[in-house]
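Single-structure report; data block below.
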Amino acid sequence: GVEVGPQPQGVVRADTLDKMRKIVKHGLDFVQLFNEGKEFPPCTIEVFKIMEKVDYPRNKNDEVIAIIHPKLQDQDWQPLNDGDPLFLTLDGEVIAYTGDCTVYPTFINEAAYYEKKQAFVKTVKMKLTAKHVRCSVL
């Protein structure tokens, strides 16, 4: 499957649809070239591995007591370091990130995840290396 976003639920955006079409076309082009016997050299790609889903701060009654901090809003895939602001309580208190490594939050403040108790997802940046790839049957 291919998920391209973000975009609001129930909305179709032309720019997002165009990105999805390009991704699918590149995938199909790879399959065709692979099936024709093209050899692909070794490569390295940067990826983000999901580490943890983070909920909004809640009180003892399970009610949300803070919102996404303005400095975190719309910063998907940007580095988040120890001490950076995460949440802002309704009283104006800043709740900062405490962690031993840089993470890259995504799905920040997505409406579709409120009911799932997810304020954002913490990811870490990794590099994956692939050996050369070629079709063994021609």
Inset, instruction - List the atom of Ala66, the atom of Tyr56, and the distance in Å for their closest heavy-atom pair. - result: O-CD2, 3.6 Å
Legend entry - Under-4.0 Å salt bridge between Asp15 and Lys19: no
Legend entry - Distance-only donor-acceptor check, side chains Thr129 and Thr44, under 3.5 Å: yes
Legend entry - Check: Val133 and Phe34 side chains under 4.5 Å, non-hydrogen atoms: yes
Inset, instruction - Output yes when a side-chain donor or acceptor of Asp82 lies under 3.5 Å from a complementary backbone atom of Gly99, and no otherwise. - result: yes
Inset, instruction - Look up atom CD in Glu93 and atom CD1 in Ile65, then write down how far apart they are to the nearest 0.5 Å. - result: 8.0 Å
Inset, instruction - Please say which of Lys25, His26, Gln32 ends up in a side chain to side chain donor-acceptor pair (under 3.5 Å) with Asp29. - result: Lys25
Inset, instruction - Looking only at non-hydrogen atoms, find the nearest pair between Lys53 and Val121 and report the distance. - result: CG-CG2, 4.1 Å
Inset, instruction - Decide if atom CD1 of Ile50 counts as having more than 12 heavy atoms of other residues, nucleotides or ligands within a radius under 6.0 Å. - result: no
Legend entry - Check: Glu46 and Met126 side chains under 4.5 Å, non-hydrogen atoms: no
Inset, instruction - Indicate, with yes or no, if Val124 and Val47 share a hydrophobic cluster defined by side-chain heavy-atom contacts under 4.5 Å among Ile, Leu, Val, Met, Phe, Trp and Tyr. - result: yes
Legend entry - Test item: Pro42 and Lys131 side chains (from C-beta on) under 4.5 Å apart, heavy atoms: no
Legend entry - Electrostatic pair Arg13-Asp18, nearest N-O below 4.0 angstrom: no
Inset, instruction - Would you kindly check if the NZ (Lys) or CZ (Arg) of Lys38 is within the cone defined by 45 degrees around the ring axis of Phe40 and under 6.0 Å from the six-membered ring centre? - result: yes
Legend entry - Within one Ile-Leu-Val-Met-Phe-Trp-Tyr cluster: Leu28 and Met20, side-chain cutoff 4.5 Å: yes
Inset, instruction - Check whether any side-chain heavy atom of Thr102 lies under 4.5 Å from a side-chain heavy atom of Tyr104, and answer yes or no. - result: yes
Inset, instruction - Report yes if the side chains of Gln73 and Lys71 come closer than 4.5 Å at any heavy-atom pair, otherwise no. - result: no
Legend entry - Closest contact, heavy atoms only, Pro57 versus Ile95: CG-CD1, 3.8 Å
Inset, instruction - Taking the side chain as every heavy atom from C-beta outward, state whether Val103 and Tyr97 have any pair of such atoms under 4.5 Å apart. - result: yes
Inset, instruction - Measure across Val64 and Arg58 and return the closest heavy-atom pair with its distance rounded to 0.1 Å. - result: CG2-NH1, 3.6 Å
Inset, instruction - With rounding to the nearest 0.5 Å, note down the distance linking NZ in Lys122 to SG in Cys101. - result: 7.5 Å
Inset, instruction - Using the rule that two of Ile, Leu, Val, Met, Phe, Trp, Tyr join whenever any of their side-chain heavy atoms come within less than 4.5 Å, decide whether Phe120 and Trp77 are in one cluster. - result: no
Inset, instruction - Identify the residue among Ile108, Val94, Leu80 that makes a side chain to side chain contact (heavy atoms under 4.5 Å, CB included) with Leu86. - result: Leu80
Inset, instruction - Answer yes or no: is there a side-chain heavy-atom contact under 4.5 Å between His69 and Leu88? - result: yes
Inset, instruction - With rounding to the nearest 0.5 Å, note down the distance linking CD in Glu63 to CG in Leu90. - result: 10.5 Å
Legend entry - From NZ (Lys127) to NZ (Lys125), nearest 0.5 Å: 8.5 Å
Inset, instruction - Please confirm whether the backbone N or O of Asn61 pairs with a side-chain atom of Asn59, one donor and one acceptor, at under 3.5 Å? - result: yes
Inset, instruction - Would you check if His132 and Glu39 make a side-chain contact, meaning some heavy-atom pair closer than 4.5 Å? - result: yes
Legend entry - Least distance between heavy atoms, Phe87 atom then Asp55 atom: CZ-O, 3.6 Å
Inset, instruction - For the pair Asp84 (side chain) and Asn81 (backbone), establish whether a donor and an acceptor sit closer than 3.5 Å, ignoring hydrogens and angles. - result: yes
